[in-house]
Amino acid sequence: MKKNKTQGFDYYLSKEAIRGYKEKPPELRLQWLYMGNLLRKGYSKRVIKLQDKFREGKI
């Protein structure tokens, strides 16, 4: 029997959650992305590698 191999991850957001996000000003959304990027820059190389593997579905 052949196993189905899934990659990456999946999650669900309600239409209300997506609508609420869209209502936020673009400046705020960009600030969130920027802050997330700053946090990632502080991670060790090992943690960044693990994160990237997780995103690619290799874990």
Side-chain angles (χ1 to χ4, degrees):
M1 183 179 281
K2 194 175 187 179
K3 290 185 179 181
N4 289 337
K5 184 177 179 180
T6 58
Q7 292 189 349
F9 60 95
D10 193 15
Y11 60 96
Y12 171 81
L13 291 174
S14 68
K15 289 182 181 182
E16 293 82 21
I18 294 170
R19 194 174 309 118
Y21 179 78
K22 286 181 174 182
E23 290 173 358
K24 302 292 183 199
E27 295 84 6
L28 180 60
R29 291 185 272 165
L30 285 172
Q31 186 179 18
W32 289 340
L33 290 172
Y34 177 71
M35 291 170 65
N37 190 30
L38 287 179
L39 285 173
R40 183 173 161 91
K41 285 183 178 184
Y43 293 164
S44 69
K45 289 184 180 186
R46 182 184 74 80
V47 170
I48 291 173
K49 275 186 175 181
L50 285 171
Q51 242 187 5
D52 290 341
K53 282 184 178 181
F54 180 73
R55 288 176 177 166
E56 295 168 8
K58 293 181 180 176
I59 291 181

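For the single chain, residues carry numbers from 1 onward in sequence order.
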Check your understanding: Linking Ile, Leu, Val, Met, Phe, Trp and Tyr by side-chain heavy atoms under 4.5 Å, what else ends up with Met35?
Key ->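 Cluster partners of Met35: none, it stands alone.
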Check your understanding: According to the side chain to side chain donor-acceptor pair (under 3.5 Å) rule, which pairs have a member within residues 43-54, sequence neighbours left out?
Key ->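 Only Arg40-Gln51, Arg40-Asp52 qualify under side chain to side chain donor-acceptor pair (under 3.5 Å).
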List the atom pairs, donor and acceptor, that lie under 3.5 Å between side-chain atoms in residues 20-30 and the rest of the protein, sequence neighbours left out.
residue : atom : partner : partner atom : Å
Arg29   : NE   : Lys24   : O            : 3.2
Arg29   : NH2  : Lys24   : O            : 3.3

Review point. If you group Ile, Leu, Val, Met, Phe, Trp and Tyr by side-chain heavy-atom gaps below 4.5 Å, do Phe54 and Leu50 land in one group?
Key: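 Yes: a chain of side-chain contacts under 4.5 Å links Phe54 to Leu50.
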